[in-house]
**Q** 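Would you mind keeping the following structure in view while I ask a few things?
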Amino acid sequence: MNTTRRTLIAGLGAGAATFALPGLIRAQNASAHVVVVGGGFGGATAARYLRRYSPDLKITLVEPSETFVTCPFSNLYLGGLRTWDSITHGYAAHSAEGIGVIHARAEQIDGAAKKVTLSDGTVLDYDRLVLSPGIDIRWGALEGYDEAASDRAPHAWKAGPQTQLLKSQLEAMEDGGTFVMSITDGAFRCPPGPYERASLVAHYLKTNKPKSKILLLDSKETFSKQGLFKQGWEALYGDMIEWISADNDGKVAKVDAGALTVETAFGVTHKADVLNVVPPQKAGWIADRAGVTNDTGWVPVKGNTFESAQVPGIYVVGDATIAAPMPKSGFCANAQGKIAAAAIIADLAGAAPAPASFVNTCYSLVGPEWGISVAGVYYFDGEKLAEREGSGGVSPLEADASFRQAEAVYGAGWYASISADTWGTV
Amino acid sequence: MLPPPQHPTLRGLLAALTFATVAAPGFALAQSTVSEAQILAGPCASCHGPAGQSPGAIPSIAGLTEADLTAKLTAFRDSPPAGTTVMTRHMKGYDDGQIAALAKYFAEVEG
(Lines give C-alpha, C1' and ligand atoms only; values in the text may rest on other atoms or scores of the structure.)
Protein backbone atom coordinates (compact mmCIF):
# COMPACT_ATOMS: atom_id res chain seq x y z
CA MET A 1 0.00 0.00 0.00
CA ASN A 2 1.48 3.34 -0.98
CA THR A 3 1.90 6.24 1.39
CA THR A 4 -0.64 8.39 -0.37
CA ARG A 5 -3.41 5.88 0.04
CA ARG A 6 -2.55 5.06 3.64
CA THR A 7 -2.56 8.74 4.53
CA LEU A 8 -5.80 9.25 2.70
CA ILE A 9 -7.49 6.37 4.47
CA ALA A 10 -6.13 7.36 7.85
CA GLY A 11 -7.42 10.89 7.32
CA LEU A 12 -10.82 9.98 5.95
CA GLY A 13 -11.35 7.07 8.25
CA ALA A 14 -10.76 8.96 11.48
CA GLY A 15 -13.18 7.58 14.03
CA ALA A 16 -13.96 4.48 12.00
CA ALA A 17 -12.38 1.43 13.57
CA THR A 18 -12.52 -0.52 10.33
CA PHE A 19 -9.98 1.80 8.73
CA ALA A 20 -7.43 1.58 11.51
CA LEU A 21 -3.95 0.30 10.78
CA PRO A 22 -4.39 -1.23 7.34
CA GLY A 23 -0.80 -2.45 7.34
CA LEU A 24 -1.33 -4.46 10.47
CA ILE A 25 -4.59 -5.87 9.15
CA ARG A 26 -2.87 -7.15 6.03
CA ALA A 27 -0.20 -8.79 8.11
CA GLN A 28 -2.82 -10.56 10.21
CA ASN A 29 -4.67 -11.76 7.13
CA ALA A 30 -1.45 -12.97 5.58
CA SER A 31 -0.70 -15.24 8.51
CA ALA A 32 -4.24 -16.50 9.01
CA HIS A 33 -5.67 -19.74 7.70
CA VAL A 34 -9.35 -20.09 6.87
CA VAL A 35 -10.64 -23.61 6.22
CA VAL A 36 -13.89 -24.03 4.32
CA VAL A 37 -15.68 -27.36 4.70
CA GLY A 38 -18.18 -28.10 1.94
CA GLY A 39 -17.99 -27.10 -1.73
CA GLY A 40 -21.63 -26.36 -2.50
CA PHE A 41 -23.24 -22.98 -3.03
CA GLY A 42 -22.31 -21.71 0.46
CA GLY A 43 -18.78 -23.01 0.86
CA ALA A 44 -17.53 -22.67 -2.70
CA THR A 45 -18.75 -19.06 -2.71
CA ALA A 46 -17.25 -18.24 0.69
CA ALA A 47 -13.83 -19.52 -0.42
CA ARG A 48 -13.79 -17.39 -3.58
CA TYR A 49 -15.04 -14.25 -1.84
CA LEU A 50 -12.47 -14.66 0.93
CA ARG A 51 -9.87 -14.63 -1.83
CA ARG A 52 -11.51 -11.67 -3.56
CA TYR A 53 -11.55 -9.72 -0.30
CA SER A 54 -8.07 -10.77 0.81
CA PRO A 55 -5.39 -11.72 -1.74
CA ASP A 56 -2.96 -12.76 1.01
CA LEU A 57 -5.15 -15.03 3.10
CA LYS A 58 -4.40 -18.77 3.23
CA ILE A 59 -7.62 -20.56 2.25
CA THR A 60 -8.28 -24.30 2.11
CA LEU A 61 -11.48 -25.80 0.69
CA VAL A 62 -12.35 -29.33 1.84
CA GLU A 63 -14.85 -31.17 -0.34
CA PRO A 64 -15.03 -34.97 -0.77
CA SER A 65 -16.18 -34.91 -4.38
CA GLU A 66 -14.14 -33.66 -7.32
CA THR A 67 -17.33 -32.34 -8.87
CA PHE A 68 -20.52 -30.91 -7.43
CA VAL A 69 -23.96 -31.57 -8.90
CA THR A 70 -26.47 -28.86 -8.07
CA CYS A 71 -29.94 -29.51 -6.71
CA PRO A 72 -31.10 -26.37 -8.54
CA PHE A 73 -31.83 -27.42 -12.12
CA SER A 74 -31.72 -31.13 -11.22
CA ASN A 75 -35.48 -31.09 -11.83
CA LEU A 76 -34.70 -29.90 -15.36
CA TYR A 77 -32.48 -32.95 -15.74
CA LEU A 78 -35.35 -35.16 -14.55
CA GLY A 79 -37.64 -33.47 -17.06
CA GLY A 80 -35.24 -34.01 -19.95
CA LEU A 81 -34.42 -30.31 -20.33
CA ARG A 82 -30.81 -30.39 -19.09
CA THR A 83 -27.85 -32.74 -19.35
CA TRP A 84 -26.07 -34.10 -16.29
CA ASP A 85 -22.87 -32.34 -17.33
CA SER A 86 -24.64 -28.99 -17.43
CA ILE A 87 -25.48 -29.19 -13.72
CA THR A 88 -22.04 -30.48 -12.69
CA HIS A 89 -19.26 -28.13 -11.56
CA GLY A 90 -15.62 -28.50 -10.57
CA TYR A 91 -13.08 -26.55 -8.56
CA ALA A 92 -10.53 -25.47 -11.17
CA ALA A 93 -11.33 -21.80 -10.56
CA HIS A 94 -10.62 -22.21 -6.87
CA SER A 95 -7.25 -23.78 -7.54
CA ALA A 96 -6.40 -21.09 -10.09
CA GLU A 97 -7.17 -18.43 -7.49
CA GLY A 98 -4.72 -19.91 -5.02
CA ILE A 99 -7.26 -21.70 -2.85
CA GLY A 100 -6.00 -25.06 -1.64
CA VAL A 101 -8.55 -27.70 -2.63
CA ILE A 102 -8.50 -31.00 -0.73
CA HIS A 103 -10.81 -33.79 -1.88
CA ALA A 104 -11.40 -35.56 1.42
CA ARG A 105 -14.20 -35.76 3.94
CA ALA A 106 -14.07 -33.72 7.14
CA GLU A 107 -14.59 -36.35 9.85
CA GLN A 108 -14.17 -34.32 13.04
CA ILE A 109 -14.08 -30.67 14.02
CA ASP A 110 -12.68 -29.47 17.33
CA GLY A 111 -13.88 -25.90 17.78
CA ALA A 112 -11.85 -25.36 20.96
CA ALA A 113 -8.53 -26.54 19.49
CA LYS A 114 -9.50 -25.16 16.04
CA LYS A 115 -8.66 -28.35 14.19
CA VAL A 116 -10.35 -30.28 11.40
CA THR A 117 -9.55 -33.97 10.95
CA LEU A 118 -9.99 -35.33 7.43
CA SER A 119 -10.81 -38.83 6.20
CA ASP A 120 -7.26 -39.23 4.88
CA GLY A 121 -5.84 -38.55 8.36
CA THR A 122 -4.77 -34.99 7.67
CA VAL A 123 -5.32 -32.54 10.52
CA LEU A 124 -5.83 -28.93 9.49
CA ASP A 125 -5.34 -26.07 11.95
CA TYR A 126 -7.57 -23.10 11.29
CA ASP A 127 -7.99 -19.56 12.53
CA ARG A 128 -11.55 -19.34 11.25
CA LEU A 129 -13.73 -22.11 9.84
CA VAL A 130 -16.55 -21.89 7.32
CA LEU A 131 -18.91 -24.84 7.48
CA SER A 132 -21.32 -25.40 4.60
CA PRO A 133 -22.68 -28.83 5.52
CA GLY A 134 -25.85 -28.95 3.45
CA ILE A 135 -28.53 -31.36 4.59
CA ASP A 136 -28.79 -34.95 5.68
CA ILE A 137 -31.85 -37.17 5.72
CA ARG A 138 -33.46 -38.07 9.05
CA TRP A 139 -33.48 -41.77 8.28
CA GLY A 140 -36.35 -43.53 10.02
CA ALA A 141 -38.16 -40.33 11.01
CA LEU A 142 -40.79 -41.37 8.46
CA GLU A 143 -41.69 -44.98 9.28
CA GLY A 144 -40.21 -47.39 6.76
CA TYR A 145 -37.97 -44.83 5.12
CA ASP A 146 -34.38 -45.77 5.89
CA GLU A 147 -31.30 -45.62 3.70
CA ALA A 148 -31.99 -49.04 2.16
CA ALA A 149 -35.51 -47.89 1.23
CA SER A 150 -34.03 -44.99 -0.74
CA ASP A 151 -32.45 -47.48 -3.15
CA ARG A 152 -35.98 -48.44 -4.23
CA ALA A 153 -37.85 -45.20 -3.48
CA PRO A 154 -35.31 -42.43 -4.07
CA HIS A 155 -35.44 -39.08 -2.32
CA ALA A 156 -33.23 -37.41 -4.94
CA TRP A 157 -33.00 -34.48 -2.53
CA LYS A 158 -29.20 -34.44 -2.65
CA ALA A 159 -28.25 -34.26 -6.31
CA GLY A 160 -26.18 -37.24 -7.41
CA PRO A 161 -26.81 -40.97 -7.87
CA GLN A 162 -30.26 -40.62 -6.28
CA THR A 163 -31.25 -38.16 -9.00
CA GLN A 164 -30.01 -40.48 -11.73
CA LEU A 165 -31.86 -43.40 -10.12
CA LEU A 166 -35.13 -41.47 -10.12
CA LYS A 167 -34.66 -40.50 -13.76
CA SER A 168 -33.99 -44.10 -14.77
CA GLN A 169 -37.14 -45.22 -12.92
CA LEU A 170 -39.23 -42.60 -14.73
CA GLU A 171 -37.78 -43.74 -18.04
CA ALA A 172 -38.59 -47.38 -17.23
CA MET A 173 -42.15 -46.63 -16.12
CA GLU A 174 -44.97 -47.82 -18.39
CA ASP A 175 -47.28 -45.28 -20.00
CA GLY A 176 -50.29 -45.08 -17.68
CA GLY A 177 -48.20 -45.50 -14.53
CA THR A 178 -48.45 -43.39 -11.41
CA PHE A 179 -45.61 -41.24 -10.08
CA VAL A 180 -46.19 -40.70 -6.35
CA MET A 181 -44.31 -38.10 -4.31
CA SER A 182 -44.49 -37.90 -0.52
CA ILE A 183 -43.60 -34.41 0.71
CA THR A 184 -42.41 -33.64 4.23
CA ASP A 185 -43.44 -30.73 6.41
CA GLY A 186 -41.25 -28.67 8.71
CA ALA A 187 -37.94 -27.23 7.54
CA PHE A 188 -36.60 -28.68 4.33
CA ARG A 189 -34.29 -27.74 1.47
CA CYS A 190 -35.85 -25.76 -1.40
CA PRO A 191 -39.50 -25.10 -0.46
CA PRO A 192 -40.74 -24.90 -4.09
CA GLY A 193 -38.59 -27.87 -5.15
CA PRO A 194 -41.18 -30.65 -4.86
CA TYR A 195 -43.67 -28.70 -6.96
CA GLU A 196 -41.15 -27.80 -9.65
CA ARG A 197 -40.21 -31.48 -9.73
CA ALA A 198 -43.87 -32.45 -10.18
CA SER A 199 -44.10 -29.90 -12.99
CA LEU A 200 -41.11 -31.13 -14.93
CA VAL A 201 -41.91 -34.80 -14.40
CA ALA A 202 -45.34 -33.88 -15.82
CA HIS A 203 -43.61 -32.30 -18.80
CA TYR A 204 -41.63 -35.49 -19.36
CA LEU A 205 -44.70 -37.73 -18.98
CA LYS A 206 -46.93 -35.55 -21.15
CA THR A 207 -44.29 -35.71 -23.86
CA ASN A 208 -43.48 -39.42 -23.55
CA LYS A 209 -46.16 -41.25 -21.50
CA PRO A 210 -49.30 -39.11 -21.64
CA LYS A 211 -51.64 -41.60 -19.92
CA SER A 212 -49.60 -41.41 -16.70
CA LYS A 213 -50.61 -39.68 -13.46
CA ILE A 214 -48.81 -37.75 -10.76
CA LEU A 215 -50.00 -37.95 -7.15
CA LEU A 216 -48.56 -35.51 -4.62
CA LEU A 217 -49.15 -36.53 -1.00
CA ASP A 218 -48.32 -33.50 1.11
CA SER A 219 -47.75 -33.25 4.86
CA LYS A 220 -48.50 -29.52 4.58
CA GLU A 221 -51.73 -27.64 3.95
CA THR A 222 -50.21 -24.99 1.69
CA PHE A 223 -47.00 -24.73 -0.32
CA SER A 224 -44.58 -22.28 -1.90
CA LYS A 225 -45.92 -20.37 -4.95
CA GLN A 226 -49.07 -22.52 -4.66
CA GLY A 227 -51.40 -20.36 -6.74
CA LEU A 228 -48.81 -19.98 -9.50
CA PHE A 229 -48.02 -23.69 -9.65
CA LYS A 230 -51.66 -24.74 -9.71
CA GLN A 231 -52.43 -22.21 -12.44
CA GLY A 232 -49.56 -23.53 -14.54
CA TRP A 233 -50.41 -27.18 -13.92
CA GLU A 234 -53.98 -26.70 -15.11
CA ALA A 235 -52.87 -24.77 -18.20
CA LEU A 236 -50.07 -27.13 -19.22
CA TYR A 237 -50.97 -30.53 -17.85
CA GLY A 238 -54.76 -30.57 -17.34
CA ASP A 239 -55.60 -33.06 -14.59
CA MET A 240 -52.35 -35.04 -14.76
CA ILE A 241 -51.18 -33.71 -11.37
CA GLU A 242 -53.29 -34.34 -8.27
CA TRP A 243 -52.20 -32.61 -5.06
CA ILE A 244 -53.60 -33.84 -1.74
CA SER A 245 -53.02 -31.59 1.26
CA ALA A 246 -52.52 -32.73 4.86
CA ASP A 247 -56.08 -31.80 5.79
CA ASN A 248 -57.33 -34.08 2.99
CA ASP A 249 -55.27 -37.01 4.31
CA GLY A 250 -52.21 -36.25 2.21
CA LYS A 251 -49.73 -36.81 5.04
CA VAL A 252 -47.84 -40.06 4.58
CA ALA A 253 -47.29 -41.96 7.83
CA LYS A 254 -45.53 -45.07 6.53
CA VAL A 255 -43.52 -46.11 3.47
CA ASP A 256 -43.18 -49.64 2.14
CA ALA A 257 -40.42 -49.27 -0.41
CA GLY A 258 -40.48 -52.97 -1.35
CA ALA A 259 -44.15 -52.84 -2.29
CA LEU A 260 -43.91 -49.26 -3.61
CA THR A 261 -46.81 -48.26 -1.39
CA VAL A 262 -47.38 -45.51 1.12
CA GLU A 263 -49.95 -45.37 3.88
CA THR A 264 -51.48 -42.08 5.00
CA ALA A 265 -52.15 -40.89 8.52
CA PHE A 266 -55.76 -42.10 8.20
CA GLY A 267 -54.75 -45.49 6.82
CA VAL A 268 -55.34 -45.09 3.10
CA THR A 269 -52.81 -46.98 0.96
CA HIS A 270 -51.56 -45.55 -2.34
CA LYS A 271 -49.66 -47.72 -4.84
CA ALA A 272 -46.91 -46.16 -6.93
CA ASP A 273 -45.09 -47.22 -10.07
CA VAL A 274 -42.35 -44.75 -9.22
CA LEU A 275 -42.15 -43.58 -5.62
CA ASN A 276 -40.25 -40.42 -4.67
CA VAL A 277 -39.99 -39.50 -1.00
CA VAL A 278 -39.00 -35.97 0.01
CA PRO A 279 -38.17 -36.93 3.59
CA PRO A 280 -37.60 -35.15 6.91
CA GLN A 281 -34.19 -33.46 6.99
CA LYS A 282 -31.55 -31.96 9.28
CA ALA A 283 -28.19 -30.22 8.99
CA GLY A 284 -25.40 -32.24 7.38
CA TRP A 285 -23.83 -34.59 9.94
CA ILE A 286 -20.49 -32.75 10.23
CA ALA A 287 -22.45 -29.90 11.85
CA ASP A 288 -23.27 -32.26 14.74
CA ARG A 289 -19.61 -33.21 15.02
CA ALA A 290 -18.67 -29.53 15.23
CA GLY A 291 -21.19 -28.96 18.02
CA VAL A 292 -23.04 -26.22 16.17
CA THR A 293 -26.49 -27.84 15.91
CA ASN A 294 -29.21 -27.40 18.52
CA ASP A 295 -32.06 -29.74 19.44
CA THR A 296 -33.88 -28.95 16.18
CA GLY A 297 -31.08 -30.62 14.22
CA TRP A 298 -30.33 -27.30 12.49
CA VAL A 299 -27.70 -24.63 13.20
CA PRO A 300 -28.42 -21.37 15.03
CA VAL A 301 -26.25 -18.48 13.79
CA LYS A 302 -25.65 -14.81 14.48
CA GLY A 303 -27.59 -13.07 11.74
CA ASN A 304 -25.07 -10.33 10.97
CA THR A 305 -22.11 -12.67 10.42
CA PHE A 306 -23.39 -16.27 10.21
CA GLU A 307 -20.97 -17.21 12.96
CA SER A 308 -22.29 -20.12 15.02
CA ALA A 309 -24.31 -19.03 18.06
CA GLN A 310 -22.69 -21.92 19.94
CA VAL A 311 -19.05 -22.26 18.84
CA PRO A 312 -16.91 -19.13 18.27
CA GLY A 313 -14.80 -19.05 15.13
CA ILE A 314 -17.06 -21.38 13.13
CA TYR A 315 -19.19 -19.69 10.48
CA VAL A 316 -22.04 -21.82 9.14
CA VAL A 317 -23.85 -21.06 5.89
CA GLY A 318 -26.51 -22.55 3.66
CA ASP A 319 -29.38 -24.99 4.13
CA ALA A 320 -28.01 -26.24 7.47
CA THR A 321 -28.68 -22.92 9.20
CA ILE A 322 -31.70 -21.52 10.99
CA ALA A 323 -31.99 -18.35 8.94
CA ALA A 324 -35.73 -17.77 8.54
CA PRO A 325 -37.26 -15.74 6.98
CA MET A 326 -34.57 -16.62 4.42
CA PRO A 327 -35.46 -19.94 2.75
CA LYS A 328 -33.13 -22.90 2.38
CA SER A 329 -31.99 -22.14 -1.17
CA GLY A 330 -28.78 -22.16 -3.19
CA PHE A 331 -29.23 -18.43 -3.73
CA CYS A 332 -29.33 -17.80 0.04
CA ALA A 333 -26.36 -20.09 0.64
CA ASN A 334 -24.35 -18.11 -1.91
CA ALA A 335 -25.40 -14.81 -0.28
CA GLN A 336 -24.59 -16.11 3.20
CA GLY A 337 -21.19 -17.34 2.00
CA LYS A 338 -20.31 -13.76 0.99
CA ILE A 339 -21.49 -12.37 4.33
CA ALA A 340 -19.48 -14.96 6.27
CA ALA A 341 -16.40 -14.14 4.15
CA ALA A 342 -16.76 -10.41 4.85
CA ALA A 343 -17.34 -11.06 8.56
CA ILE A 344 -14.19 -13.20 8.76
CA ILE A 345 -12.11 -10.54 7.02
CA ALA A 346 -13.36 -7.98 9.52
CA ASP A 347 -12.91 -10.29 12.50
CA LEU A 348 -9.31 -11.13 11.56
CA ALA A 349 -8.71 -7.39 11.46
CA GLY A 350 -10.28 -6.89 14.86
CA ALA A 351 -13.02 -4.80 13.26
CA ALA A 352 -16.79 -4.94 13.09
CA PRO A 353 -18.17 -6.03 9.71
CA ALA A 354 -20.35 -3.76 7.59
CA PRO A 355 -24.05 -4.50 8.07
CA ALA A 356 -25.25 -7.67 6.37
CA SER A 357 -27.60 -7.51 3.39
CA PHE A 358 -29.05 -10.51 1.57
CA VAL A 359 -31.28 -11.31 -1.37
CA ASN A 360 -33.09 -14.46 -2.39
CA THR A 361 -34.59 -15.21 -5.78
CA CYS A 362 -35.93 -18.66 -6.55
CA TYR A 363 -37.01 -19.36 -10.08
CA SER A 364 -39.10 -22.46 -10.72
CA LEU A 365 -40.00 -23.89 -14.10
CA VAL A 366 -43.58 -25.05 -14.49
CA GLY A 367 -42.92 -25.88 -18.14
CA PRO A 368 -40.03 -25.21 -20.55
CA GLU A 369 -41.34 -21.72 -21.33
CA TRP A 370 -43.26 -21.08 -18.13
CA GLY A 371 -41.14 -19.65 -15.31
CA ILE A 372 -42.26 -18.26 -11.96
CA SER A 373 -40.29 -16.69 -9.13
CA VAL A 374 -40.26 -15.72 -5.49
CA ALA A 375 -37.89 -13.08 -4.15
CA GLY A 376 -36.97 -11.31 -0.93
CA VAL A 377 -34.45 -8.81 0.46
CA TYR A 378 -33.18 -9.51 3.98
CA TYR A 379 -31.10 -7.80 6.66
CA PHE A 380 -30.15 -8.15 10.30
CA ASP A 381 -32.34 -5.88 12.42
CA GLY A 382 -30.08 -5.95 15.46
CA GLU A 383 -31.75 -8.99 16.98
CA LYS A 384 -32.75 -11.28 14.13
CA LEU A 385 -32.83 -11.72 10.38
CA ALA A 386 -35.78 -9.93 8.81
CA GLU A 387 -37.24 -9.22 5.38
CA ARG A 388 -37.17 -5.64 4.14
CA GLU A 389 -40.68 -4.32 4.46
CA GLY A 390 -42.37 -3.98 1.06
CA SER A 391 -39.77 -6.06 -0.77
CA GLY A 392 -40.13 -9.50 -2.26
CA GLY A 393 -43.09 -11.67 -3.10
CA VAL A 394 -44.06 -13.93 -5.97
CA SER A 395 -44.69 -13.38 -9.67
CA PRO A 396 -48.13 -11.86 -10.35
CA LEU A 397 -50.87 -14.43 -10.88
CA GLU A 398 -52.36 -12.41 -13.72
CA ALA A 399 -49.12 -12.14 -15.76
CA ASP A 400 -49.24 -13.00 -19.47
CA ALA A 401 -47.33 -15.63 -21.45
CA SER A 402 -44.48 -13.26 -22.28
CA PHE A 403 -43.89 -12.63 -18.58
CA ARG A 404 -43.81 -16.38 -17.87
CA GLN A 405 -41.44 -16.91 -20.79
CA ALA A 406 -39.17 -14.08 -19.59
CA GLU A 407 -38.94 -15.67 -16.15
CA ALA A 408 -38.07 -19.03 -17.72
CA VAL A 409 -35.25 -17.32 -19.64
CA TYR A 410 -34.13 -15.39 -16.56
CA GLY A 411 -34.10 -18.61 -14.55
CA ALA A 412 -31.54 -20.03 -16.97
CA GLY A 413 -29.65 -16.74 -16.77
CA TRP A 414 -29.63 -16.96 -13.00
CA TYR A 415 -28.20 -20.47 -13.17
CA ALA A 416 -25.38 -19.34 -15.48
CA SER A 417 -24.54 -16.37 -13.28
CA ILE A 418 -24.62 -18.07 -9.91
CA SER A 419 -22.57 -20.97 -11.28
CA ALA A 420 -19.98 -18.50 -12.53
CA ASP A 421 -20.04 -16.72 -9.19
CA THR A 422 -19.75 -19.91 -7.14
CA TRP A 423 -17.54 -22.22 -9.23
CA GLY A 424 -16.31 -20.06 -12.11
CA THR A 425 -18.23 -22.30 -14.51
CA VAL A 426 -21.52 -21.79 -16.37
CA MET B 1 -43.13 2.86 3.67
CA LEU B 2 -39.49 1.91 3.34
CA PRO B 3 -37.48 1.36 6.48
CA PRO B 4 -35.16 4.19 7.41
CA PRO B 5 -31.50 3.91 6.44
CA GLN B 6 -29.92 1.44 8.81
CA HIS B 7 -26.49 2.94 8.76
CA PRO B 8 -26.03 6.66 9.25
CA THR B 9 -22.34 6.36 8.37
CA LEU B 10 -23.10 5.20 4.83
CA ARG B 11 -22.83 8.60 3.24
CA GLY B 12 -19.60 9.30 5.04
CA LEU B 13 -18.23 5.96 3.92
CA LEU B 14 -19.24 6.64 0.34
CA ALA B 15 -17.58 10.01 0.49
CA ALA B 16 -14.40 8.35 1.67
CA LEU B 17 -14.59 5.77 -1.09
CA THR B 18 -15.03 8.48 -3.67
CA PHE B 19 -11.65 9.90 -2.82
CA ALA B 20 -9.98 6.56 -2.31
CA THR B 21 -11.04 5.30 -5.72
CA VAL B 22 -9.83 8.49 -7.37
CA ALA B 23 -6.45 8.00 -5.74
CA ALA B 24 -6.24 4.32 -6.74
CA PRO B 25 -8.70 2.73 -9.16
CA GLY B 26 -10.63 -0.21 -7.79
CA PHE B 27 -11.55 -0.74 -4.21
CA ALA B 28 -8.64 0.57 -2.24
CA LEU B 29 -10.02 -0.73 1.04
CA ALA B 30 -10.89 -4.20 -0.14
CA GLN B 31 -7.86 -5.85 1.39
CA SER B 32 -8.50 -4.42 4.82
CA THR B 33 -12.24 -4.58 5.25
CA VAL B 34 -15.21 -5.24 3.04
CA SER B 35 -17.14 -2.05 2.34
CA GLU B 36 -20.84 -1.57 2.82
CA ALA B 37 -21.19 -1.12 -0.95
CA GLN B 38 -19.50 -4.47 -1.56
CA ILE B 39 -21.85 -6.12 0.92
CA LEU B 40 -24.90 -4.58 -0.72
CA ALA B 41 -23.64 -5.60 -4.18
CA GLY B 42 -22.84 -9.17 -3.18
CA PRO B 43 -26.20 -10.77 -4.00
CA CYS B 44 -26.51 -8.90 -7.34
CA ALA B 45 -23.79 -11.19 -8.75
CA SER B 46 -26.02 -14.23 -8.33
CA CYS B 47 -28.14 -13.08 -11.28
CA HIS B 48 -26.07 -10.40 -13.01
CA GLY B 49 -22.80 -12.34 -12.85
CA PRO B 50 -19.55 -11.96 -10.91
CA ALA B 51 -18.71 -8.26 -10.60
CA GLY B 52 -21.87 -7.50 -12.57
CA GLN B 53 -20.70 -9.21 -15.76
CA SER B 54 -23.30 -11.74 -16.81
CA PRO B 55 -22.43 -14.93 -18.72
CA GLY B 56 -26.09 -15.62 -19.53
CA ALA B 57 -29.48 -14.15 -20.37
CA ILE B 58 -29.69 -11.60 -17.56
CA PRO B 59 -28.18 -8.21 -18.48
CA SER B 60 -24.71 -7.23 -17.28
CA ILE B 61 -24.69 -4.17 -15.06
CA ALA B 62 -20.97 -3.48 -14.71
CA GLY B 63 -19.74 -0.32 -16.34
CA LEU B 64 -23.07 1.43 -16.79
CA THR B 65 -22.84 5.05 -15.70
CA GLU B 66 -23.69 5.93 -12.15
CA ALA B 67 -26.51 8.20 -13.30
CA ASP B 68 -27.98 5.53 -15.55
CA LEU B 69 -27.82 2.90 -12.80
CA THR B 70 -29.40 5.24 -10.26
CA ALA B 71 -32.21 6.07 -12.68
CA LYS B 72 -32.86 2.43 -13.59
CA LEU B 73 -32.76 1.09 -10.03
CA THR B 74 -34.99 3.88 -8.76
CA ALA B 75 -37.46 3.33 -11.60
CA PHE B 76 -37.66 -0.39 -10.84
CA ARG B 77 -38.65 0.55 -7.31
CA ASP B 78 -40.99 3.47 -7.92
CA SER B 79 -42.42 3.14 -11.43
CA PRO B 80 -41.32 -0.12 -13.05
CA PRO B 81 -41.17 0.02 -16.85
CA ALA B 82 -43.28 -2.38 -18.92
CA GLY B 83 -41.86 -5.87 -18.94
CA THR B 84 -40.30 -5.64 -15.48
CA THR B 85 -40.34 -9.01 -13.72
CA VAL B 86 -38.49 -9.55 -10.45
CA MET B 87 -36.48 -6.32 -10.18
CA THR B 88 -39.31 -4.28 -8.71
CA ARG B 89 -39.68 -6.86 -5.93
CA HIS B 90 -35.96 -6.49 -5.23
CA MET B 91 -35.64 -2.73 -5.37
CA LYS B 92 -38.52 -2.14 -2.98
CA GLY B 93 -36.05 -3.37 -0.36
CA TYR B 94 -33.54 -0.55 -0.91
CA ASP B 95 -33.59 3.11 0.11
CA ASP B 96 -32.12 5.99 -1.89
CA GLY B 97 -28.77 5.83 -0.09
CA GLN B 98 -28.40 2.13 -0.81
CA ILE B 99 -29.34 2.64 -4.46
CA ALA B 100 -26.70 5.37 -4.69
CA ALA B 101 -24.11 3.02 -3.21
CA LEU B 102 -25.02 0.23 -5.63
CA ALA B 103 -24.97 2.58 -8.62
CA LYS B 104 -21.55 3.89 -7.71
CA TYR B 105 -20.22 0.40 -7.08
CA PHE B 106 -21.31 -1.05 -10.43
CA ALA B 107 -20.24 2.06 -12.34
CA GLU B 108 -16.70 1.64 -11.01
CA VAL B 109 -16.32 -2.09 -10.43
CA GLU B 110 -13.54 -3.96 -12.15
CA GLY B 111 -13.93 -7.63 -12.97
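Residue numbering restarts at 1 for every chain, and letters A, B, ... go by the order of the sequence lines. Please read all numbers here as calculations on a predicted model, not as lab measurements.
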**Q** Considering non-hydrogen atoms only, spot the tightest contact between B:I39 and A:P355 and give its length.
**A** CG2-O, 3.2 Å
**Q** Just by modelled atom types, is the B:L40 backbone N or O under 3.5 Å from a matching donor or acceptor in the A:S357 side chain?
**A** no
**Q** Given heavy-atom pairs under 4.5 angstrom as the criterion, report whether the side chain, backbone, both or neither of A:A412 touches chain B.
**A** neither
**Q** Please look at A:V409 and chain B and tell me whether the side chain, the backbone, both or neither of the residue comes under 4.5 angstrom of a heavy atom of that chain.
**A** both
**Q** Can you give me the closest heavy-atom contact between A:A416 and B:G56, atom names plus distance?
**A** CB-CA, 4.1 Å
**Q** A:Y410 versus chain B, heavy atoms under 4.5 Å apart: side chain, backbone, both or neither?
**A** both
**Q** What residue in B:A57, B:P43, B:S46, B:A45 has the most heavy-atom pairs under 4.5 Å with chain A?
**A** B:S46
**Q** Could you have a look at A:A341, A:A335, A:G392, A:A343 and say which one has the most heavy-atom pairs with chain B under 4.5 angstrom?
**A** A:G392
**Q** Of the non-hydrogen atoms in B:A51 and A:R52, which two are nearest, and what is the gap between them?
**A** N-NH1, 3.9 Å
**Q** Testing the basics here: between A:S417 and B:P50, what is the closest heavy-atom pair and its distance to 0.1 Å?
**A** O-CD, 4.1 Å
**Q** To the nearest 0.5 angstrom, please state how far the OG atom of B:S54 sits from the CG atom of A:D421.
**A** 11.0 Å
**Q** What distance separates B:H90 NE2 from A:N360 CG, expressed to the nearest 0.5 Å?
**A** 7.5 Å
**Q** Does anything in residues 39-57 of chain B form a salt bridge (Lys or Arg N to Asp or Glu O under 4.0 Å)? List the pairs, not counting sequence neighbours.
**A** none
**Q** With a 4.5 angstrom heavy-atom cut-off, could you sort out which part of A:D400 is near chain B: side chain, backbone, both or neither?
**A** neither
**Q** Under 4.5 Å, counting heavy-atom pairs only, tell me which of A:V426, A:T422, A:V394, A:V374 racks up the most with chain B.
**A** A:V394
**Q** What part of B:T84 is in contact with chain A, defined as an atom under 4.5 angstrom from a non-hydrogen atom: side chain, backbone, both or neither?
**A** backbone
**Q** Pick whichever of B:G42, B:G49, B:C44, B:C47 has the most heavy-atom pairs under 4.5 Å with chain A.
**A** B:C47
**Q** Mind checking the CZ-OG1 spacing from B:R89 to A:T361? Nearest 0.5 Å is all I need.
**A** 8.0 Å
**Q** So what's closer than 4.5 Å to chain B heavy atoms on A:V377: side chain, backbone, both or neither?
**A** side chain
**Q** Under 4.5 Å from any heavy atom of chain B, what part of A:Y378 do you find: side chain, backbone, both or neither?
**A** neither
**Q** What closest approach, in Å, do A:A420 and B:P55 show between heavy atoms, and which atom pair accounts for it?
**A** CB-CG, 4.0 Å
**Q** Roughly how far, to the nearest 0.5 Å, is the CD1 atom of B:I58 from the CH2 atom of A:W414?
**A** 9.5 Å
**Q** Does any heavy atom of chain B fall under 4.5 Å from the side chain of A:Y363, the backbone, both, or neither of them?
**A** side chain
